[in-house]
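Just so you know, ligand 1 is whichever comes first in the structure, and atom 1 is the first atom listed for that ligand. Throughout, numbering of the chain's residues begins at 1 and tracks the sequence.
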Amino acid sequence: MTSDMWASEIFDDSFRISVKVREKLFDQTGPFQRVEVFDTERWGRVLMIDGLFMTSDRDEFVYHELLTHPALCSAPKIERVVIIGGGDGGCAREVLRHPGVQSVSLVEIDSLVVEASKTYLPGIGTAWNDQRLEVRIEDGIKYVAELPPASTDVILLDSSDPVGPAEGLFNASFFAACKRALKPGGVLALQSGSPFLMQKVFRDTQHVLAQHFACVAPYFANVPLYGSAIWSWTYASDQPSRYPHIAERWAPIAETCKYYNPEIHDAIFAAPSYVKKLLE
Ligand code: SPD
């Protein structure tokens, strides 16, 4: 018997992307949001939060490798890493592939996301038992505000889109707190929305980051589940320009990367003309 259940994300009440579902594995609404996990034919397991697709077995590698490795393969130091959000474990998995990383704090506001992911997305969070990883269920905004100044080498914001609990992760005071927590020369990387489907979020995020960081460099790729449109991440630091790729950081991850590589490291920073115009 085939299912006729579909999971859909609706953009601006005008465009919908749907995935045919084999079985719904998890559906709970907690104090923060509704968390759903689906088993699907084409995408494998899929995580949805408040009606937005977060990640899937099939295309998560693009998102997680690009959130992590451009920062980790170029930041001057990577011993101490903080991840805000990232409760599915995919971002932590990629960070922990780097032997130079000594400690990672993953700060996720919603325990439901971590519980559901540990149980139903075993292919994504494969590093939960790594001794270098500390998982904290608490508000990432408060956590960063309370970090000792200049204590962190790399901060990664693996958030949902800026609605609901993630809204405060896209504003000036939070970016100022990130800058304060980073060591001089430290790197912040974040998901910054689609410059095609979410132009205002993308542009505002760049402008607000530029109030705090000397280098603000968006980069781009397609994550098919995110509306099948171009997606962006942003690399920010207090230095005037991006750090170059470090070959020794690439060697230990070369075997496992399915998207990122040294050529991609620079190529992703090329912006389409309409995006350049958007940022003028
Ligand atoms: N439109 C969805 C954007 C979601 C970005 N974060 C995904 C979390 C995956 N770890």
Side-chain angles (χ1 to χ4, degrees), residues 7-12 15-19 32-38 43-69 71 81-97 104 106-110 112-118 120-128 133 135 140 155-170 188-202 205 218-234 258-260:
S8 301
E9 174 172 347
I10 298 170
F11 295 82
D12 298 331
F15 165 55
R16 172 198 305 247
I17 183 159
S18 299
V19 171
F32 297 107
Q33 52 206 356
R34 181 178 184 187
V35 178
E36 295 166 276
V37 181
F38 304 99
W43 300 86
R45 301 277 172 98
V46 172
L47 173 67
M48 180 171 243
I49 294 184
D50 276 349
L52 304 177
F53 287 124
M54 288 295 123
T55 198
S56 84
D57 279 342
R58 293 287 177 275
D59 69 353
E60 59 89 17
F61 66 95
V62 185
Y63 176 86
H64 291 124
E65 290 181 20
L66 290 188
L67 178 58
T68 53
H69 300 313
V81 179
V82 168
I83 300 169
I84 303 299
D88 52 66
C91 179
R93 177 199 72 214
E94 290 305 315
V95 169
L96 289 161
R97 293 197 198 284
V104 181
L106 185 163
V107 187
E108 166 63 60
I109 197 166
D110 192 348
L112 266 188
V113 179
V114 175
E115 285 161 24
S117 301
K118 281 186 172 173
Y120 297 107
L121 302 172
I124 294 180
T126 55
W128 293 115
L133 176 65
V135 178
I155 298 180
L156 303 169
L157 307 182
D158 185 8
S159 71
S160 185
D161 297 325
V163 280
E167 203 169 345
L169 300 178
F170 287 79
L188 169 71
L190 59 143
Q191 78 93 352
S192 44
S194 168
F196 187 83
L197 289 172
M198 306 157 65
Q199 297 200 335
K200 182 165 162 38
V201 167
F202 171 73
T205 303
Y219 54 99
F220 310 95
N222 270 74
V223 183
L225 194 60
Y226 298 168
S228 289
I230 186 173
W231 201 258
S232 81
W233 300 255
T234 302
K258 291 196 273 181
Y259 196 95
Y260 178 84

Tell me every residue that passes side-chain contact (heavy atoms from CB on, under 4.5 Å) with K200, counting only those two or more places apart in sequence or in another chain. D204

Check whether T68 reaches the backbone of E65 with its side chain - one donor and one acceptor, N or O, closer than 3.5 Å. yes

Closest non-hydrogen atoms of E9 and L52, given as atom of the first, atom of the second and distance, are OE2-CD2, 3.4 Å

Without swapping roles, check the side chain of Q191 against the backbone of S160 for a donor-acceptor pair under 3.5 Å. yes

Closest candidate by heavy atom, reference atom 8 (C) of ligand 1, pool T55, V223, L190, D158: D158

Among all protein heavy atoms, pick out the one at the shortest distance from atom 2 (C) of ligand 1; state its residue, atom name and that distance to 0.1 Å. F53 O, 3.2 Å

May I ask you to identify, for M54, whether its side chain, its backbone, both or neither come under 4.0 Å of ligand 1 on a heavy-atom basis? both

Hey, is ligand 1 close enough to S159 that some N/O pair sits below 3.5 Å? yes

Whether D57 side chain and W43 backbone form a donor-acceptor pair below 3.5 Å: no

Backbone N/O of L66 and side chain of Y219: donor-acceptor pair under 3.5 Å: yes

Return yes or no for this condition: an N or O of Y63 is under 3.5 Å from an N or O of ligand 1. yes

Taking atom types as modelled, is there a side-chain donor on Y226 or D59 under 3.5 Å from an acceptor on the other? no

Would you check whether E60 reaches within less than 4.0 Å of ligand 1, judged by its heavy atoms? no

Donor-acceptor contact present, side-chain S232 to main-chain F220, <3.5 Å: no

Given that the side chain starts at C-beta and the backbone is N, CA, C, O, which of these parts of W233 lies under 4.0 Å from ligand 1, counting heavy atoms, or is it both or neither? neither

Suppose we measure from atom 4 (C) of ligand 1 to each protein heavy atom; which comes out shortest, and what is that distance? Y226 OH, 3.6 Å

A student checking ligand 1 against Q191 at a 4.0 Å heavy-atom cut-off should list atoms 5 (C)

Ligand 1 and D88, any nitrogen or oxygen pair closer than 3.5 angstrom? yes

Contact check, D161 vs ligand 1, heavy-atom distance below 4.0 Å: yes

